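Here's the structure we're looking at; comments come further down.
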Amino acid sequence: MADIGLFYGSTSGVTEEIAEKIRDAIGEDRCDLYSMETDYDSVDDLLQYDYLILGCSTWGAGELQNDWREPIFDMEMDKPDFSGKTIALFGPGDCEGHSKHFVGALGILYDQFKALGATIVGAVSAEDYTFEKSTAIRDGKFVGLPLDEVNESEKTDQRIANWLEILKADFPAIAR
């Protein structure tokens, strides 16, 4: 088992591609990759890791991607303890087509895991993004890494690299 568990939900394959890029940048020996659709069985899958990276795209009016809906609902009911867990979030969105709900799913994941005791790291400045509104903003920053493969795909690789530099302070496996 690697030090980091990277869990993602992906409907169209975009979040999966990004998750693979992140895992490859960290190293397969340090980061296990899980699809919420095919590899996730229960919250115990998440709880086996002290360091988690969670990926979720935003659908509709700022909603979670389908693969995350049932696990989050179950966690709301069961209230598992994520104290001592360090979590970083990422997610694709569309800053033009969904400018009023840009990466809103990150805000939902942030609120859920924070309420369960997790430490959330990897906030990203909103300055380099164009959008109207986002529920993923706290204290002027995104709660995780927003990516826009529709309008700004040329920025993805550099944004991931910059974000991983930020995470090195909190994820020892990335700093190696």
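Everything quoted here is computed from the prediction, not taken from an experiment.
For the atom pair CD1 (Ile53) and CD1 (Ile87), the distance works out to 11.0 Å, reported to the nearest 0.5 Å.
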Donor-acceptor pairs are to be reported for all side-chain atoms of residues 100-117 against protein atoms at under 3.5 Å, with residues two or more places apart or in another chain.
| from | atom 1 | to | atom 2 | distance (Å) |
| --- | --- | --- | --- | --- |
| Asp111 | OD1 | Arg138 | NH2 | 2.6 |
| Asp111 | OD2 | Arg138 | NH2 | 3.0 |

N/O donor to acceptor pairs below 3.5 angstrom from side-chain atoms of residues 161-174, sequence neighbours left out:
| from | atom 1 | to | atom 2 | distance (Å) |
| --- | --- | --- | --- | --- |
| Asn162 | OD1 | Gln158 | NE2 | 2.7 |
| Asn162 | ND2 | Gln158 | O | 3.4 |
| Trp163 | NE1 | Gly122 | O | 2.9 |
| Glu165 | OE2 | Lys168 | NZ | 2.8 |

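Residues Val124 and Arg159 form no side-chain contact, since every pair of their non-hydrogen atoms from C-beta on lies 4.5 Å or further apart. In this structure, Leu46 and Lys85 have side chains that are not in contact, with every pair of non-hydrogen atoms separated by 4.5 Å or more. Counting heavy atoms from C-beta outward, Ile160 and Leu147 have side chains that approach closer than 4.5 Å. Side-chain atoms of Thr86 and Asp50, non-hydrogen and from C-beta on, never get closer than 4.5 Å to each other.
One side chain, Tyr49 or Asp32, offers a donor N or O that lies under 3.5 Å from an acceptor on the other.
Side chain of Thr15 to backbone of Tyr8: no donor-acceptor contact under 3.5 angstrom is found. Side-chain atoms of Asp78 do not come within 3.5 Å of backbone N or O of Pro80 as any donor-acceptor pair. A donor-acceptor pair under 3.5 Å links the side-chain atoms of Gln48 to the main chain of Asp45, judged by distance alone. Trp68 places a side-chain N or O within donor-acceptor distance of the main-chain N or O of Gly55, the cut-off being under 3.5 Å. Side-chain atoms of Arg69 come within 3.5 Å of backbone atoms of Leu64 as a donor-acceptor pair (strictly under, hydrogens ignored).
Ring geometry for Phe7 versus Tyr40: interplanar angle over 60°, hence perpendicular rather than tilted (30 to 60°).
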>> Tyr129 vs Ile137, test: side-chain contact (heavy atoms from CB on, under 4.5 Å). Steps then yes/no.
In response: CA-CA 12 Å; Tyr129 295 86; Ile137 300 279; over 6 Å; no
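When all heavy atoms of Ser134 and Phe142 are compared, the closest pair comes out as OG-CE2, 3.7 Å. Among all heavy-atom pairs drawn from Ile18 and Pro92, the shortest one is CD1-CB, 4.0 Å.
Counting heavy atoms of neighbouring residues, nucleotides and ligands inside a 6.0 Å radius, atom CE of Met1 exceeds 12 of them. The 12-atom threshold is exceeded at CD of Glu154, counting heavy atoms of other residues, nucleotides or ligands nearer than 6.0 Å. Within a 6.0 Å radius of CD in Glu70, other residues, nucleotides and ligands contribute 12 heavy atoms or fewer.
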